[in-house]
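Just below is one structure, and these are the notes that go with it.
In the text below, chain A, chain B and the rest are named by the order of the sequence lines, each starting its count at 1.
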Amino acid sequence: MPFTLATWNINSVRLREGIVAQLMSEEAPDVLCLQECKSPVEKIPMEQFRALGYNHMVARGQKGYNGVAILSKLPIEDAGDQDFANLGHARHVAGRLENGVTIHNFYVPAGGDEPDREKNEKFGQKLDYLTGMRDWFHSEKPEKSILVGDLNIAPREDDVWDHKKLLKIVSHTPVEVEHLAQVQDAGNWVDVTRADIPKGLLYSWWSYRARDWDAADKGRRLDHVWATSDIASAGHSSKILRHVRGWEKPSDHAPVFATFDV
DNA sequence: ATGGTAGTGTTACTA
């Protein structure tokens with residue numbers, strides 16, 4: 001049975017309840033993974049989501065910061081969470097569908113402004129978080145799994161608006177790209193979005209700070225859909241819904257979609 | 001080199 005999955009950094013699920021419901025109504029992904037819910041789990045506004053057919057949720061939350069949730073039309077069981085780098089943040093949750101597919105939903109630390117762990121503790125935490133992911137997937141050897149989320153790294157030259165200008169900007173530095181590649185290798189993960197759309201500029205995030213984000217188009221592809229190699233070829237129909245970035249009171253991220261025939 | 005905007009929850013912190 002094919003199913004469609006979306007990942008979206010929502011930057012407050014309570015403030016943006018309306019546009020989450022709009023995405024559910026217009027696109028109806030079977031599974032919707034959210035990051036930066038900025039809410040305790042019990043305060044996620046489930047009533048409207050249930051009315052739209054999203055009767056299942058696995059989530060981790062905290063007040064004000066971080067928070068990840070998997071909202072699903074399909075039954076999903078809680079498959080635990082990890083606290084890489086021991087930050088005590090709600091940045092990961094896993095769920096398992098009845099077809100046996102495990103879904104990992106991640107919100108990787110942004111890493112602050114200065115790409116130097118000596119001067120900026122947050123950058124070190126980001127690298128340590130990625131190393132934790134690498135080591136865990138290395139021992140876990142995931143199969144029949146999908147990894148999505150805001151990984152806060154745009155790995156390819158065509159994942160950013162200007163590769164050279166961004167080489168020293170957190171999210172596109174060589175050391176981050178190398179750490180992300182090691183996570184990918186350790187879990188046998190395939191970048192489904194780029195397997196599907198191998199060529200051309202592709203962004204999922206545009207800063208709030210631009211006067212006109214659409215015209216400036218200084219985007220980055222920070223949000224990812226990966227799958228383990230055993231099911232990666234079942235992934236297709238990838239898309240990033242750029243127009244959602246232009247909705248009323250938007251998130252600074254656009255949702256990324258893929259469909260899996262599994 | 002700097003500042004631009006947004007969310008949370010009270011005034012600084014994070015992105």
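Shown here is A:Lys218, whose NZ atom has no more than 12 heavy atoms of other residues, nucleotides or ligands within 6.0 Å. Taking a 6.0 Å sphere around CD of A:Glu42, one finds it holds more than 12 heavy atoms contributed by other residues, nucleotides or ligands.
For A:Arg14, no side-chain nitrogen or oxygen approaches OP1 or OP2 of B:dT8 to under 4.0 Å. Between A:Arg91 and the phosphate of B:dA15, there is a side-chain N or O to OP1/OP2 separation shorter than 4.0 Å. Taking 4.0 angstrom as the limit, A:Ser207 places none of its side-chain polar atoms (N or O) nearer than this to OP1 or OP2 of B:dG4. The phosphate of B:dT14 (OP1 or OP2) has a side-chain N or O of A:Lys122 nearer than 4.0 angstrom. An OP1 or OP2 oxygen of B:dG7 is reached within less than 4.0 angstrom by a side-chain nitrogen or oxygen of A:Lys249.
Contact check of residues 114-121 of chain A against DNA chain B (heavy atom, cut-off under 4.0 Å) returns no residues at all.
The separation between A:Ile10 atom CD1 and B:dA6 atom P is 15 Å, rounded to whole Å. Distance A:His253 NE2 to B:dG7 P: 13 Å, rounded to the nearest Å. Atom-to-atom, CG of A:Asp113 to P of B:dG4 comes out at 15 Å; the value is rounded to the nearest Å.
Under a cutoff of 6.0 Å and an axis angle of 45°, A:Arg221 and A:Trp205 do not form a cation-pi pair.
Residue A:Tyr65 places its side chain closer to B:dT14 than to any other of B:dA15, B:dT14, B:dA6.
In summary, the aromatic rings of A:Tyr208 and A:Trp213 are positioned with their centroids too far apart to meet the 6.0 Å limit. Residues A:Phe84 and A:Trp136 place their aromatic rings such that the two centres sit under 6.0 Å apart.
For a distance-only test at 3.5 Å, the side chain of A:Arg209 qualifies as a donor-acceptor partner of the base of B:dA15.
A:Thr228 places a side-chain N or O within donor-acceptor distance of the main-chain N or O of A:Ser145, the cut-off being under 3.5 Å.
Nucleotides of DNA chain B nearest to A:Tyr107 and A:Lys38 differ in position, and the one nearer the 5' end is that of A:Lys38.
Ring geometry for A:Trp206 against A:Tyr203 counts as perpendicular: the plane angle is over 60°, on a 0 to 90° scale with 30° as the lower cut.
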